[in-house]
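What follows is a short report on a single structure.
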Amino acid sequence: MPAPFDPVAYRYDADFTDTPLGRRQRELVYRYLEPLIRPGMRVLELNCGTGEDALWMATRGANVTATDISIGMLDVASEKAHSAGATITFQQLRLQDLSSLELPPGHPGFDLIFSNFDGLNCLPDLSFFPDAVARLLRPGGGAMVVLMNPICLMELVGFALRGRFKMAVQRLRRGGVAAHIGDGEAVRTWFHPVWKVKRAFGKRFRFRTIAAIGLTTPPTLMRNWYHRHQRLFRWLFPAEERLMGVFPFNRLGDHTLLHCLLKDDPQG
Ligand SMILES: C[S@@+](CC[C@H](N)C(=O)[O-])C[C@H]1O[C@@H](n2cnc3c(N)ncnc32)[C@H](O)[C@@H]1O
């Protein structure tokens with residue numbers, strides 16, 4: 001059965017990755033990811049999409065296994081890696097099947113498991129996820145996840161100012177939202193509150209970072225607005241970068257980035 005992102009895989013980079021808004025959002029994630037990446041480290045990437053981050057980590061020397069449910073996305077990603085001369089292992093994997101993924105014999109476990117930009121929002125329930133991640137990590141390994149936030153300041157203010165109150169609070173709807181991803185395709189999206197994600201991870205992990213990705217940079221829904229007023233948004237960059245990791249601003253972004261480490265780290 002085709003995955004929801006299969007039909008839009010060919011245009012995902014043009015619609016998001018290669019736009020000023022997409023570049024800005026990714027740059028904000030890299031502020032936190034970059035210090036973790038070391039040559040030779042083992043990274044398992046979940047919902048890798050068109051492989052932009054897999055390639056970015058591989059060019060910094062990481063040994064990346066990149067996975068996604070969508071064969072269309074994986075095709076674009078492996079073509080991209082091939083053109084760049086990068087070695088990345090691609091594998092089809094549903095997040096729901098993570099608990100049954102086996103490490104090859106002799107594999108010491110991953111140093112980092114990474115999920116960027118909302119793959120986790122495609123699942124209604126994340127309670128299985130921390131245990132599934134923990135069993136694939138080496139002792140002291142970490143996880144970084146970036147998922148859409150139920151309370152996005154820019155979306156609330158932006159839509160409320162235009163009198164579109166239903167849109168302003170759409171992320172709070174129970175049962176999720178049908179998010180449009182282009183070409184008439186929609187994907188059911190659940191907005192998990194940060195406290196719930198923290199509680200789920202808290203048994204196995206301790207948190208290092210919680211940061212807003214897109215505190216003053218708006219969501220994709222508002223990209224035309226962002227692209228028309230880029231000078232204004234650039235003027236807000238320093239404030240955004242100063243506040244994105246500070247409570248309560250770190251709970252108000254378009255996305256939330258959470259970085260945590262396995263609790264039974266022998267190095268403490
Ligand atoms: C918004 S894209 C993000 C892609 C990429 N991580 C990025 O940063 O551009 C969401 C990705 O999640 C993948 N995805 C959605 N549901 C999934 C699932 N159940 N299992 C694995 N991947 C899934 C989609 O195929 C898509 O590639």
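Predicted, not measured: the structure shown is a model, and the values here were computed from it. Indexing begins at 1, ligand by ligand and atom by atom, following the structure's order.
- Relative to the ring axis of F205, K263 does not place its NZ or CZ within 45° and under 6.0 Å from the centre.
- Taking 4.0 Å as the cut-off between side-chain N and carboxylate O, E241 and R24 count as a salt-bridged pair.
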Enumerate the pairs of nitrogen or oxygen atoms, one from ligand 1 and one from the protein, separated by less than 3.5 angstrom; state names and distance to 0.1 Å.
residue	atom	partner	partner atom	Å
ligand 1	6 (N)	N47	O	2.7
ligand 1	6 (N)	N116	O	2.9
ligand 1	8 (O)	R26	NH1	3.0
ligand 1	9 (O)	Y12	OH	2.7
ligand 1	9 (O)	R26	NH2	2.8
ligand 1	19 (N)	Q96	OE1	2.9
ligand 1	20 (N)	L95	N	2.9
ligand 1	22 (N)	I69	N	3.3
ligand 1	25 (O)	D68	OD1	2.6
ligand 1	27 (O)	D68	OD1	3.4
ligand 1	27 (O)	D68	OD2	2.7

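- F117 and L221 sit in two unconnected hydrophobic clusters of ILVMFWY residues. Membership requires side-chain heavy atoms under 4.5 Å apart, directly or through other members.
- Classification of K203 and D131 as a salt-bridged pair fails, no side-chain N sitting under 4.0 Å from a carboxylate O.
- The environment of I151 atom CD1 is sparse: at most 12 non-hydrogen atoms of other residues, nucleotides or ligands sit within 6.0 angstrom.
- Formation of a donor-acceptor pair under 3.5 Å by the D6 side chain with backbone atoms of A3 is found in this model.
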